[in-house]
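Every heavy atom of this structure was used, including side-chain atoms; hydrogens, water molecules and symmetry mates were not.
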Amino acid sequence: MKVCIVRHGSAVSGAVQDQTRELTEKGQRQAQAAGQWLAEQNLNNPLLLCSPYRRTRQTAAAIAAARGITESITPALVPEADVRHLLDELAQQQRDLILVSHLPLVGHLAALLVDGRIYDQPWSPAECWLLHGDIAAAGCMSVEAVWYPVLAGI
């Protein structure tokens with residue numbers, strides 16, 4: 001099984017409601033580049049899930065377009081979501097996953113899947129971690145690849 005964790009691209013600041021913040025032009029380029037990178041990865045019929053927030057939906061849409069798949073919205077990927085509850089849901093999945101979310105959730109989830117414990121990690125906008133393992137459970141996955149937008153010149 002593979003799980004790709006993606007932070008949304010760069011977003012505008014100062015929106016009245018955090019949920020409505022949109023990607024900047026740079027964020028749109030980052031999302032498209034992340035989608036291109038993910039299109040090159042060996043993922044088997046992945047399920048693409050994203051937070052209901054606008055910036056994650058925009059990022060997921062760029063990834064979906066690059067991979068030729070559709071995205072689904074889930075409230076389990078909002079920034080303040082319970083990472084252990086999310087992990088319980090992921091452990092039930094039989095398909096490869098692409099998850100588009102926010103800080104601190106992306107860092108907490110990656111730490112829990114790889115190291116078996118939750119801790120804060122910095123993540124660049126549109127950063128992608130591709131993990132693999134027998135099951136999406138605490139401490140059961142390894143990092144296969146990491147992609148950063150600066151590597152694509154963005």
Side-chain angles (χ1 to χ4, degrees), residues 1-83 85-87 89-90 93 95-114 118-133 136 141-154:
M1 168 174 219
K2 294 187 180 184
V3 175
C4 187
I5 303 170
V6 182
R7 182 179 176 207
H8 61 79
S10 294
V12 298
S13 58
V16 174
Q17 292 188 322
D18 187 44
Q19 297 91 336
T20 62
R21 291 175 48 213
E22 295 191 359
L23 294 179
T24 62
E25 286 183 30
K26 180 178 183 177
Q28 291 170 357
R29 290 192 309 274
Q30 291 169 335
Q32 290 168 350
Q36 290 169 353
W37 181 77
L38 279 165
E40 298 168 2
Q41 303 311 303
N42 185 20
L43 293 165
N44 184 22
N45 188 29
L47 179 61
L48 173 57
L49 302 173
C50 68
S51 147
Y53 289 23
R54 178 107 175 109
R55 60 192 178 274
T56 53
R57 293 192 337 257
Q58 290 175 306
T59 302
I63 293 168
R67 287 213 47 113
I69 59 177
T70 59
E71 68 272 16
S72 296
I73 297 170
T74 177
L77 291 171
V78 296
E80 67 279 359
D82 180 341
V83 70
H85 176 72
L86 173 60
L87 197 59
E89 289 185 26
L90 298 182
Q93 291 294 328
R95 293 171 61 182
D96 288 348
L97 300 168
I98 300 171
L99 309 173
V100 184
S101 188
H102 315 258
L103 278 176
L105 187 66
V106 290
H108 290 174
L109 181 59
L112 188 57
L113 286 170
V114 174
I118 297 170
Y119 53 86
D120 289 330
Q121 297 185 59
W123 279 55
S124 302
E127 184 174 325
C128 304
W129 283 36
L130 183 58
L131 310 177
H132 72 275
M141 301 199 89
S142 300
V143 179
E144 182 173 311
V146 178
W147 180 84
Y148 301 97
V150 295
L151 296 178
I154 302 171

Open item on the list: For E144, run the side-chain contact (heavy atoms from CB on, under 4.5 Å) check against L131, L130, V3 and tell me which one passes.
Closed with: L130
Task: E25 atom CD: more than 12 heavy-atom contacts under 6.0 Å - done: no
Task: Exam field: side chain T56 to backbone C50, donor-acceptor pair closer than 3.5 Å - done: no
Open item on the list: Exactly one of L47, L43, L49, I5 should register a side-chain contact (heavy atoms from CB on, under 4.5 Å) with I98. Which one does?
Closed with: L43
Open item on the list: Is the shortest side-chain heavy-atom distance between Q19 and V78 below 4.5 Å?
Closed with: no
TODO: Determine yes or no for a side-chain-to-main-chain donor-acceptor pair under 3.5 angstrom, with R95 supplying the side chain and N45 the backbone.
DONE: yes
Task: Pairwise distance CD(E89) to OG1(T74) - rounded to 0.5 angstrom - done: 5.5 Å
Task: Nearest non-hydrogen partners of A126 and P149, listed with the distance - done: CB-CG, 3.9 Å
Open item on the list: Tell me if a side-chain donor or acceptor on R7 pairs with a main-chain N or O of W123 at a distance below 3.5 Å.
Closed with: yes
TODO: List the steps and the verdict of side-chain contact (heavy atoms from CB on, under 4.5 Å) for W129 and Q121.
DONE: CA-CA 12 Å; W129 283 36; Q121 297 185 59; 3.2 Å; yes
- [ ] Look at the side chain of S10 and the backbone N and O of K26, then say whether any donor-acceptor pair between them is shorter than 3.5 Å.
- [x] no
Task: Carboxylate-amine/guanidinium contact E22 R54, below 4.0 Å - done: yes
Task: K2 versus D96, closest heavy-atom pair with distance - done: N-OD1, 2.9 Å
- [ ] For A39 and A66, work out which heavy atoms get closest and say how close.
- [x] CB-O, 3.6 Å
- [ ] Measure from the side-chain N and O atoms of R55 to the backbone N and O of L23, and report whether any donor-acceptor pair falls under 3.5 Å.
- [x] no
- [ ] Start with the C-alpha distance between V100 and L77, add both sets of side-chain angles, then the distance that settles side-chain contact (heavy atoms from CB on, under 4.5 Å), and finish with yes or no.
- [x] CA-CA 7 Å; V100 184; L77 291 171; over 6 Å; no
Open item on the list: Donor-acceptor check, side chain of R57 to backbone of I73, threshold 3.5 angstrom: yes or no?
Closed with: no
Task: Minimum side-chain heavy-atom gap L105-L86 below 4.5 Å - done: yes
Task: Flag side-chain contact, heavy atom, 4.5 Å: S124 against V150 - done: no
- [ ] Apply the test side-chain contact (heavy atoms from CB on, under 4.5 Å) to residues S51 and H102: give CA-CA distance (whole Å), side-chain angles for both, the deciding distance (0.1 Å), then the verdict.
- [x] CA-CA 8 Å; S51 147; H102 315 258; 2.8 Å; yes
